[in-house]
Amino acid sequence: MFTRRNALLRPQDTFSIPELLDKVGSHLHPPDLLSCIQVNKRWNTHLIPLLWETVDDSQYSWRRFLEGTNKSKDLTVSPSVEDVLGRVLSKNGHLIRHLKIHFPIMIDAVYLSGVCTNLLSLEVFDLLLATAIRTRITVGKLQRQCGFNSLATGDVNSLVTILTNEQPLLSPVFQNVFVAPSSDPKPNPQDAHDRLTVQRFWLLVQQNSQCLCKLRLDRSLNILSRIASVDFLRNMILSLRRLNNFENNSELVNVGEFLDRLPHLQTLVTPTFFLPFNDINIIKTTPLKLRTLSLSGQLLTRGFFTILGGLPGLEFLRVLGLSWDNVTDKDIDTIMGGTPSGLRTLEYLFSGVQYIPTEERIFCWLPHLRKLKALQILAETVSDLVKFCPLLEEYHEWNDGVTIEPDREFKPQLNALAPLLRGCPHLRVINGIQHRMEVSELLRCPWVATNLDIFRVQIVGVPRLSVEQQDRFERAMKKAALSETLVSEERALFRLYRQSRDEQHQILQRLGTLSRLRVLDLGYEYRQVDHSPRMVMFEGKEYIGYGGPIYDTLELSLDAGLTTLGGLKELEVFGFEGVNHCIGEKELDWMGDSWPRLRALRGLQTDVLRRAKPDRRRDALRKYMVSIRPDVQHRRA
């Protein structure tokens, strides 16, 4: 609140107003906050809580610092890094509200600090992936942590034997929780430490049981040290009375057994086979308020509708796949109670059924759907989306894939996404770079999707002159300039040339009307990256010939209508990788002047393919663009 005293501040003291510091600080990233706290004492005091509010040990300096603890296998190395980490967390750990952990040593340090007791979210990711070399453990550290200070520094084997055989427990709650260790005569010292790490994680959960709202478990926790007691895990989770977001990537936690005892749960991520989605009565009698559900498994159609019918507040659903199980329309109507779902986002990796018409029977129950994400989508499915989901705003492919090379075995149907442009007035995103749309199909009808922010689709079917035809056309132009008579073949070249230019101008004009467009991406990696290599000679050296650009794509030259895109003042990303373009320095000059918000070009980046033939023209164009617009980055999607 601004007071009279604040109103009398000197201009140079304006940024000392607490409310203003809060506003500014909430929009800054950690590196910027770190710079700000060094400005003066007031800023330091006010902004340090914001700096420590969220800690992700895979970001910024954390990763480099923690990876330094993984590079040595020497068990007697000095534990100075661990000591520094412990001191820092002991001083500031009470400020942490959101903690994301990728390194086992971070679990140890956070717990041992004893002050991280105000966590709102605790997320554990793949602890083994982040540590290519397992976290080293010093004898001195083991002595301090386990209370064996009297052991000699070099007596590693004795220490490990004690730790392994006696199964050191940090709390009575861990009695009979872990799988008994093997009777290996030469036990691994890392195993003993891993068991301590897992105990510390669950004690950290216990310390924050009154405030923790979000918990993410990873299966790597069980790999570090196997837990045998399912009751222990269930009781730990049920102790979190404020838990509303639970991401369960551990195969040990069968959350389906106690869903009814988590009344505040709004977001759930779990393997599909843990949930009782075969019985609508179980779902309907469970007092769940789930709004987000993500299942890492395949779902039968009956189970899909059971979820929709039993969770009326559900807004987001992600499944690995959908499989048809011969459920009838009458069954579906009974399950849904005749009421359409309020689902707004649906994501599925694949559909185990071809169009039969399964999708029609699904999407007719989703009139409020705003976003669809799928690995593959058929033209019939798109037609159903247009018909039954009038509020659709976004379509996304699951991923971009490896290549859009035309001869690959699996590729989406031609023009499958075109109906979205003609039938979805609220559409903002078409993110499907694997999909191809022909110019003729795009120009066939007006577009109602005029508010697009992202357009990532290949535009093909452009009538282009081949290299040989281009040579003949240029000779024909010289004949025409001299008023010489043209033969029929030469007149045909003139017609093809005019058709090509006309269609390119028209399609670029259509794109130029999308004034809100931020991303216009017309291509992707186009080469035969996964085929048997074909060797080619260039400048006296042998290279792998991966293939050229896609032939029937846009020229993107000023003469071919590029200037009609001048209205895209919000454009930030322009992609033309794999497009058979004629972009030169004049076109780059125009882009630099016409698109003030441009920050990335996709098509001139440095080639990363193994032994690829050098592209001198692309390298020269990239160098030129850097000279006129150094702020524009050159990278793939």
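Computed from a predicted model, the values in this text were never measured in an experiment. Values reported hereafter were calculated over all heavy atoms of this structure, with side chains retained and with hydrogens, waters and symmetry mates removed.
Gln207 places no side-chain N or O within donor-acceptor distance of the main-chain N or O of Val115, the cut-off being under 3.5 Å. Judged by distance alone, the side chain of Glu393 and the main-chain N or O of Arg428 form no donor-acceptor pair under 3.5 Å. Distance alone, capped at 3.5 Å, is enough to place a donor-acceptor pair between the Asn208 side chain and the Cys116 backbone. Proximity of a side-chain donor or acceptor of Asp57 to a complementary backbone N or O of Phe103 within less than 3.5 Å is detected. Remark: the backbone N or O of Asp331 is paired with a side-chain donor or acceptor of Thr328 at under 3.5 angstrom. At distances below 3.5 Å, not a single donor-acceptor pair connects side-chain atoms of Glu397 with backbone N or O atoms of Lys373. Using modelled atom types, no side-chain atom of Ser113 and backbone atom of Gly93 make a donor-acceptor pair closer than 3.5 Å. A donor-acceptor pair is defined here as one N or O able to donate and one able to accept, closer than 3.5 Å; no such pair exists between the side chain of Arg302 and the backbone of Leu299. Looking at Asn118, its side chain does come within 3.5 Å of a backbone N or O of His94 through a donor-acceptor pair.
The distance from the CD atom of Glu123 to the CG atom of Leu217 is 10.5 Å, given to the nearest 0.5 Å. To the nearest 0.5 Å, atoms CD1 (Ile223) and CG (Asp194) are separated by 11.0 Å. How far CG of Asn222 is from CG of Asn249: 13.0 Å, rounded to the nearest 0.5 Å. We find the SG-CG distance between Cys364 and Asp329 to be 7.5 Å, quoted to the nearest 0.5 Å. Within the model, atoms CG of Leu343 and NZ of Lys371 stand 12.0 Å from one another, a figure rounded to the nearest 0.5 Å. Between Leu262 atom CG and Leu240 atom CG the span is 8.5 Å, to the nearest 0.5 Å.
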* To do: List the steps, then state whether side-chain contact (heavy atoms from CB on, under 4.5 Å) holds for Arg241 with Gln210.
  => CA-CA 7 Å; Arg241 306 310 301 174; Gln210 299 306 308; 5.5 Å; no
* To do: Apply side-chain contact (heavy atoms from CB on, under 4.5 Å) to Leu385 and Phe363, showing your working.
  => CA-CA 7 Å; Leu385 281 173; Phe363 291 118; 3.7 Å; yes
* **side-chain contact (heavy atoms from CB on, under 4.5 Å) between Tyr348 and Leu317, intermediate numbers included** => CA-CA 8 Å; Tyr348 58 91; Leu317 176 60; over 6 Å; no
* Which is it for His435 and Tyr395 under the side-chain contact (heavy atoms from CB on, under 4.5 Å) test, yes or no, and what are the steps along the way? -> CA-CA 12 Å; His435 283 266; Tyr395 169 75; 3.7 Å; yes
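Looking at heavy atoms from C-beta onward, Arg200 lies in side-chain contact with Ile107 at the 4.5 angstrom threshold. Side chains of Phe201 and Val198 form no contact here, defined as non-hydrogen atoms less than 4.5 Å apart. With contacts defined as side-chain heavy-atom distances shorter than 4.5 Å, the pair Phe246/Ile237 qualifies. In this structure, Tyr111 and Leu203 have side chains that are in contact, with non-hydrogen atoms separated by less than 4.5 Å. At least one side-chain heavy atom of Leu89 sits less than 4.5 Å from a side-chain heavy atom of Trp52. Within the 4.5 Å cutoff, side-chain heavy atoms of Leu265 are placed close to those of Leu268. The shortest distance between side-chain heavy atoms of Leu215 and Leu212 falls below 4.5 Å. Counting only heavy atoms from C-beta outward, the side chains of Ile377 and Val382 approach each other to under 4.5 Å.
The two residues Phe305 and Met336 come nearest to each other via the heavy atoms O-SD, 3.7 Å. Nearest heavy atom pair, residue Pro340 against residue Gly338, reads CD-O, 3.8 Å. Of all the heavy atoms in Ile307 and Leu314, the pair that sits closest is CG2-CD2, 3.5 Å. Taking every heavy atom of both residues into account, Arg242 and Cys211 meet most closely at NH1-CA, 3.9 Å. Counting all heavy atoms, side chain and backbone alike, Val179 lies closest to Ile227 at CG2-C, 4.3 Å. Heavy-atom minimum distance, Asn245 versus Glu247: OD1-CG, 3.9 Å.
When only modelled atom types and interatomic distance are considered, His396 and Glu394 share a side-chain donor-acceptor pair under 3.5 Å. Between the side chains of Thr197 and Asp108, a donor-acceptor pair is found at a separation under 3.5 Å. Side-chain polar atoms of Arg456 and Asn431 form a donor-acceptor pair below 3.5 angstrom.
Of the listed residues (Asp218, Asp56, Leu127), just one forms a side-chain contact (heavy atoms from CB on, under 4.5 Å) with His102, and that residue is Asp56. A side-chain hydrogen bond (donor to acceptor under 3.5 Å, both in side chains) with Glu315 is found for exactly one of Arg370, Arg291, Gln266, Arg344, namely Arg291.
Electrostatic pairing of Lys330 and Asp333 does not count as a salt bridge here, judged by no charged N lying under 4.0 Å from a carboxylate O. Here Glu53 does not pair with Arg97 in a salt bridge; the nearest charged N to carboxylate O distance is not below 4.0 Å.
A cation-pi contact, defined as under 6.0 Å to the ring centre and within 45° of the axis, links Arg636 to Tyr524.
Between Phe232 and Trp202, the distance separating the two ring centers is shorter than 6.0 angstrom.
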